[in-house]
Amino acid sequence: MADDSTRGISRRKFIAASGTVGALTLAGCTQQNDPSGDNGSGGNGSGNGTDGGSDGKLSGNIDIAGSSTVFPLAQALKESFTKKHPDVKIAVSSTGSGGGFQNYFCVGKTDFNNASRPIQKSEKQLCKENGVDWHEIKVATDAVTVIVNPEADWIDSITVDELKQIWKPNGADKWSDVNPDWPDEPLNLFGAAETSGTFDYFTEVIVGEEGKSRKDYSKTEKDNQIIQGVASDKYAMGYLGFAYYSENKERVKALAIDNGSGEPVKPSIETAKSGKYKPLARPLFTYPKIESLKEEHIAAFARYWVEQSTSKELVAERVGYVPNSEEEMKEQLKQLNEAIQQ
């Protein structure tokens, strides 16, 4: 599952390529790491690296699947960690939060699952049935962003109720169905697939029930397809993680969100961090498998991720999410070390 194809390229090119990369790594997820045939899920760490409390050379494999929203952050961590530990091979696949839990993590095929919402009850049960114990780490905060075409000059903001009218089951067909001042043109919609944590979160806070959504829209795990669809259609709308919007500001327009206060707030790192961007600011997670944390190189990578979660340069400037506070990082490092000692 190891994939080094994006290492060393710029962030802009990296995010532009990430959907394709995710699909490619997923295709070879359990096959391409280890010539011996071991898929690498358990790794073969043998050293005492310098990160996360180790003090020697690390080696082994780490398999990561899950959220497309967390994917660019995981890739950035992979690049910086493997520069220090080139013998650690890390593969990251973009499968959606639910797809990762269901098809990889909870059936023992991966060491980490990234998620843009907390692990669900059904996923906990699946992990339990397969003897997979896990630890939750909050890695950043996102601002889910609603985007339209830059030529959509009739709209700069939207209320939560208007979004609900559009995205609920049997929702509005035309822009004018929501607001008579808007064009009498079809709404062409792009959004997350049902295996996505972004889908779960968006439907919960906008429609009012997790998983409740209209079906007649273009759904995908590849956020760049959402960007492409909206950028090429004047009457399109989509939603996705802030990092993908922030790299495509010249191609699409982000709408400010009015949560009922009458004061629309635009998505940004600052408004997500301050709590003003409601209700679409949300925590992002990664879930390491407890058994995998017994491998020294995997424990070191988990500690490194927690330690780097406060990095403004990496989390905010390079990827586009809100970093954790120092207090959050210290508490999570304490909890992670307790999990590693299990």
Side-chain angles (χ1 to χ4, degrees), residues 66-70 73 96-98 114-121 136 138-148 152 155-172 175 178-179 182 187 189-214 217 219 223 226 230 236-246 249 252-285 315-316 319-325 328:
S67 166
S68 62
T69 304
V70 183
L73 182 59
S97 305
N114 299 327
S116 55
R117 44 81 174 154
I119 185 171
Q120 296 178 336
K121 185 177 180 180
E136 181 182 272
K138 174 179 173 281
V139 295
T141 299
D142 180 29
V144 177
T145 304
V146 179
I147 57 173
V148 296
I155 186 170
D156 291 311
S157 66
I158 193 166
T159 68
V160 172
D161 183 64
E162 288 168 337
L163 281 173
K164 182 177 181 178
Q165 291 182 54
I166 293 170
W167 288 97
K168 68 181 181 180
N170 303 311
W175 285 90
V178 182
N179 185 328
W182 292 350
L187 273 160
L189 301 173
F190 297 81
E194 294 174 356
T195 53
S196 166
T198 302
F199 171 84
D200 295 335
Y201 186 81
F202 188 83
T203 52
E204 179 180 357
V205 301
I206 298 300
V207 180
E209 180 180 334
E210 183 179 301
K212 191 174 182 180
S213 171
R214 67 190 299 161
Y217 70 98
K219 57 192 73 173
D223 297 81
I226 298 174
V230 174
M237 171 185 284
Y239 66 89
L240 73 179
F242 182 77
Y244 289 90
Y245 158 69
S246 67
K249 290 181 177 178
V252 296
K253 179 170 68 174
L255 297 183
I257 304 299
D258 180 350
N259 69 350
S261 67
E263 297 181 1
V265 177
K266 294 207 70 170
S268 70
I269 290 174
E270 291 73 24
T271 57
K273 186 176 182 179
S274 69
K276 292 181 179 178
Y277 187 65
K278 298 178 179 177
L280 290 175
R282 57 165 176 177
L284 303 176
F285 304 94
V315 180
V319 180
Y321 296 136
V322 179
N324 288 340
S325 66
E328 286 177 309

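Keep in mind that this is a model prediction, so the values were computed, not measured. Hydrogens, waters and symmetry mates play no part in the numbers below; they use all other heavy atoms, side chains included.
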Quiz item: Taking 4.0 angstrom as the limit, do D156 and K266 come out as a salt bridge?
Solution: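 Judged by the 4.0 Å cut-off on N to carboxylate O distance, D156 and K266 do not form a salt bridge.
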Under 3.5 Å, is there a donor-acceptor pair between the side chain of [X] and the main chain of [Y]?
{"X": "K164", "Y": "G208", "value": "no"}
{"X": "D142", "Y": "F242", "value": "yes"}
{"X": "K273", "Y": "T141", "value": "no"}
{"X": "S116", "Y": "T69", "value": "no"}
{"X": "S97", "Y": "S196", "value": "no"}
{"X": "S67", "Y": "A115", "value": "no"}
{"X": "Y201", "Y": "V144", "value": "no"}

Exercise. Step by step, work out the side chain to side chain contact (heavy atoms under 4.5 Å, CB included) result for I257 and Y277.
Key: CA-CA 7 Å; I257 304 299; Y277 187 65; 3.6 Å; yes
Exercise. Would you mind telling me which of V160, L163, L280 makes a side-chain contact (heavy atoms from CB on, under 4.5 Å) with V205?
Key: L280
Quiz prompt | salt bridge (charged side-chain N to carboxylate O under 4.0 Å, His left out) pairs, two or more places apart, involving residues 197-212 | solution =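 Of all non-adjacent pairs touching residues 197-212, those that pass salt bridge (charged side-chain N to carboxylate O under 4.0 Å, His left out) are R117-D200.
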Where do [X] and [Y] come nearest, in terms of heavy atoms and distance?
{"X": "V315", "Y": "A140", "value": "CG1-CB, 3.9 Å"}
{"X": "V178", "Y": "W182", "value": "CG1-CZ3, 3.6 Å"}
{"X": "N170", "Y": "R214", "value": "N-CB, 4.2 Å"}
{"X": "F199", "Y": "S213", "value": "CE1-CB, 3.7 Å"}
{"X": "A192", "Y": "I226", "value": "N-CD1, 4.2 Å"}
{"X": "A254", "Y": "T145", "value": "CB-CG2, 3.6 Å"}

Quiz item: Is a side-chain donor-acceptor pair under 3.5 Å present for S68 with D223?
Solution: yes
Quiz item: Got a sec: does the NZ of K219 have more than 12 other heavy atoms crowding it under 6.0 Å?
Solution: yes
Quiz prompt | Intermediate values then yes/no, side chain to side chain contact (heavy atoms under 4.5 Å, CB included), Y321 and L284 | solution = CA-CA 9 Å; Y321 296 136; L284 303 176; 3.8 Å; yes
Exercise. List in chain and number order the residues that pass salt bridge (charged side-chain N to carboxylate O under 4.0 Å, His left out) with K138, two or more places apart in sequence or in another chain; answer none if no residue qualifies.
Key: E328
Quiz item: Are D258 and E263 side-chain neighbours, meaning at least one heavy-atom pair lies under 4.5 Å?
Solution: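 Counting from C-beta outward, D258 and E263 never come under 4.5 Å.
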Practice problem: State, yes or no, whether a side-chain contact exists between P283 and F285 at a heavy-atom distance under 4.5 Å. | Solution: yes
Quiz prompt | Gap between atom CD of E162 and atom CG of L255 - 0.5 Å precision | solution = 10.0 Å
Quiz item: About how many Å separate CG of N114 and CG of L73, when rounded to the nearest 0.5 Å?
Solution: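 L73 atom CG to N114 atom CG measures 8.0 Å (nearest 0.5 Å).
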Practice problem: Show your working on side chain to side chain contact (heavy atoms under 4.5 Å, CB included) between I166 and M237 and close with a plain yes or no. | Solution: CA-CA 10 Å; I166 293 170; M237 171 185 284; 3.9 Å; yes
Quiz item: So which of F190, Y217, Y245, W167 actually passes ring pair (Phe, Tyr, Trp, His ring centres under 6.0 Å) with Y239?
Solution: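 Filter result, single survivor: W167.
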Exercise. Test S274 against T271 for side-chain hydrogen bond (donor to acceptor under 3.5 Å, both in side chains), laying out the working first.
Key: CA-CA 5 Å; S274 69; T271 57; 5.8 Å; no
